[in-house]
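Proteins get letters first, then strands, A, B, ... in listed order; numbering begins at 1 in each. Note that the structure is a prediction, hence the values are computed from the model and not measured.
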Number of protein chains: 2
Amino acid sequence: MSEKRLRDAIDTLKESGVRITPQRHAVLEYLLSSMSHPTADEIYKALEGKFPNMSVATVYNNLRVLKEIGLVRELTYGDSSSRFDCTTSEHYHIICNSCGKIVDFHYPSLDEVESLAEQVAGFDISYHRLELYGTCEECKAVGTEKH
Amino acid sequence: MSEKRLRDAIDTLKESGVRITPQRHAVLEYLLSSMSHPTADEIYKALEGKFPNMSVATVYNNLRVLKEIGLVRELTYGDSSSRFDCTTSEHYHIICNSCGKIVDFHYPSLDEVESLAEQVAGFDISYHRLELYGTCEECKAVGTEKH
DNA sequence: TTATTAAATAATAATCTTTATAATCAGTTT
DNA sequence: AAACTGATTATAAAGATTATTATTTAATAA
């Protein structure tokens, strides 16, 4: 199943005329297998063992390429660094303000909101983002919320 | 009207036991009067004339304080710097991928989405963000979209 | 009004993330 | 094999934000 997603993604890369280097393959594979919406630095550290000489720039370059093709989406929250997520299926995110955990949230796409926005603002809307913020179960229990 | 919003905001500051310094007052006033969701640097530059000796750190400190009290919200998009927005009334944002323009978008709050998220993820949801991305009228006309 | 004190500011350094640059390397084509 | 194209590495640079510290100041009460 995950294997199929990887093969599909690689096919997309080939169709786009993008070279499939070992580093690029590894970044893509890691993102597909990861459930944790990693930062560029986390990806870099995770692949350190397999590619001791890999540059951080390579991670950023590949994330940019994967983004441009549409295989990967960049998520920015209040914190310092971007997070990256494979755009396998449309979904939203729930973020814990206390521990930073990010949970996927599946909900029917808000198409009618997009339509209304097009009408009132005169935009062509191509996509949207929705994030819900709160406190996760564990942090509720511990009761050690930030701020 | 805008005067009233400023007075209300200052009352909130007083209630929170936060000092009302000239710089803090100016940052708050600028944010309230601004329709443009400015960055920290834009605020800093805008107040340069009135406060030639003000430090950038002061802008950041005050934005943090105003955020903690709940008067201001931080918005992060793909680009490098955060934008800041007075949380006067609940609304969403429409962002042009071509020129970066940000337009306010009023829509009934998605309370049922929050409820569902609480149920499926076990979170206490406190608020949410929704952003719509696309091409604004001007950029559609010019047809000079990025990427 | 003045004194007091905790908080805020200014100036600066430091950190952290991301991008840019240039040299090298690998795979492909001629 | 030589040349070409794009990717990678190493490193520098840029840009945003945070931390530090000495100084100043707003709020409070004597």
Side-chain angles (χ1 to χ4, degrees), chain A residues 10 13-30 37-69 71-84 100 146-147, chain B residues 10-30 37-69 71-84 100 146-147:
Chain A
I10 287 172
L13 282 179
K14 279 184 184 157
E15 281 160 24
S16 307
V18 173
R19 285 194 194 159
I20 297 152
T21 65
Q23 293 90 335
R24 184 164 291 160
H25 187 281
V27 169
L28 181 59
E29 187 177 18
Y30 182 77
H37 313 85
T39 64
D41 193 59
E42 284 166 0
I43 298 170
Y44 174 63
K45 289 207 165 57
L47 302 180
E48 213 164 36
K50 214 185 282 181
F51 298 91
N53 295 323
M54 184 168 62
S55 168
V56 205
T58 299
V59 176
Y60 280 101
N61 284 340
N62 284 323
L63 288 172
R64 182 176 35 75
V65 169
L66 296 173
K67 252 172 58 185
E68 283 168 1
I69 296 175
L71 285 174
V72 165
R73 187 162 291 180
E74 182 174 358
L75 309 167
T76 56
Y77 305 113
D79 58 347
S80 47
S81 43
S82 289
R83 298 176 167 279
F84 297 87
K146 277 185 198 159
H147 321 155
Chain B
I10 287 172
D11 285 345
T12 307
L13 282 180
K14 281 184 183 158
E15 282 160 24
S16 308
V18 172
R19 285 193 192 162
I20 297 149
T21 65
Q23 294 89 335
R24 184 163 292 160
H25 187 281
V27 168
L28 182 58
E29 187 177 19
Y30 182 76
H37 314 84
T39 64
D41 194 60
E42 283 166 1
I43 298 171
Y44 174 64
K45 289 208 166 54
L47 302 179
E48 215 164 34
K50 213 186 280 181
F51 298 91
N53 294 323
M54 186 168 61
S55 168
V56 206
T58 298
V59 176
Y60 279 101
N61 285 337
N62 284 322
L63 288 171
R64 181 175 37 74
V65 169
L66 295 172
K67 248 172 62 186
E68 283 169 1
I69 296 177
L71 286 173
V72 165
R73 188 161 292 181
E74 182 173 358
L75 309 168
T76 55
Y77 303 113
D79 58 350
S80 47
S81 42
S82 288
R83 299 178 165 277
F84 296 88
K146 277 185 200 160
H147 329 149

**Student:** Rounded to the nearest angstrom, tell me the gap between atom CG in B:Leu13 and atom C1' in D:dA27.
**Tutor:** 14 Å
**Student:** May I have the distance from A:Asn61 (atom CG) to D:dA10 (atom C1'), rounded to whole angstrom?
**Tutor:** 13 Å
**Student:** Under a 3.5 Å distance rule, please check whether B:Ser16 uses its side chain to pair with a backbone N or O of B:Thr12 as donor and acceptor.
**Tutor:** yes
**Student:** Please check if the side chain of A:Ser81 supplies one atom and the backbone of A:Thr39 the other of a donor-acceptor pair under 3.5 Å.
**Tutor:** no
**Student:** Does a side-chain N or O from A:Arg24 land closer than 4.0 Å to OP1 or OP2 of D:dT8, or not?
**Tutor:** yes
**Student:** Give a yes or no on whether a donor-acceptor pair under 3.5 Å exists between the nucleobase atoms of D:dA16, that is its base, and the side chain of B:Ser80.
**Tutor:** no
**Student:** Mapping B:Tyr60 and A:Asn53 onto DNA chain D by nearest heavy atom, which one lands closer to the 5' end?
**Tutor:** A:Asn53
**Student:** Compare every heavy atom of B:Lys67 with every heavy atom of B:Phe84, then report the nearest pair and how far apart it is.
**Tutor:** CE2-CD, 4.3 Å
**Student:** Report the distance from atom CG of A:Asn62 to atom P of D:dG6, rounded to the nearest whole Å.
**Tutor:** 15 Å
**Student:** Over how many whole Å does the gap from B:Ile69 atom CD1 to C:dA7 atom P extend?
**Tutor:** 14 Å
**Student:** Please evaluate the base of C:dA8 for a donor-acceptor partner in the side chain of B:Thr21 within a cut-off of under 3.5 Å?
**Tutor:** no
**Student:** Kindly say if A:Gln23 contacts the phosphate of D:dT9, meaning a side-chain N or O under 4.0 Å from OP1 or OP2.
**Tutor:** yes
**Student:** Which whole-number value in Å describes the distance from B:Tyr44 OH to D:dT17 C1'?
**Tutor:** 14 Å
**Student:** Could you tell me the separation between the CD1 atom of B:Ile10 and the C1' atom of D:dA26, rounded to a whole number of Å?
**Tutor:** 14 Å
**Student:** Rounded off to whole Å, could you give me the NE2-to-P distance for the A:His25 and C:dG27 pair?
**Tutor:** 15 Å
**Student:** Taking only the side-chain heavy atoms of B:Ala57 (C-beta and beyond), determine which of D:dA19, C:dT9, D:dA26 contains the nearest atom.
**Tutor:** D:dA19
**Student:** With nearest nucleotide decided by heavy atoms, which residue, B:Arg19 or B:Phe51, maps closer to the 5′ end of DNA chain C?
**Tutor:** B:Arg19
**Student:** Between P on C:dT17 and CG on B:Asp79, what's the gap in Å once rounded to a whole number?
**Tutor:** 18 Å
**Student:** How would you label the contact of A:Ser82 with the nucleic acid (heavy atoms, under 4.0 Å): base, sugar-phosphate, or nothing?
**Tutor:** sugar-phosphate
**Student:** Is A:Thr58 touching bases, backbone alone, or none of the nucleic acid, heavy atoms closer than 4.0 Å?
**Tutor:** base
**Student:** Test your reading of the model: is there a side-chain donor-acceptor pair from B:Arg24 to the backbone of B:Arg19, 3.5 Å cut-off?
**Tutor:** yes
**Student:** Does any N or O in the side chain of B:Arg83 come within less than 3.5 Å of the main-chain N or O of B:Leu75, such that one atom is a donor and the other an acceptor?
**Tutor:** no
**Student:** Would you indicate what A:Pro52 reaches in the nucleic acid, counting non-hydrogen atoms under 4.0 angstrom: base, sugar-phosphate, or nothing?
**Tutor:** nothing
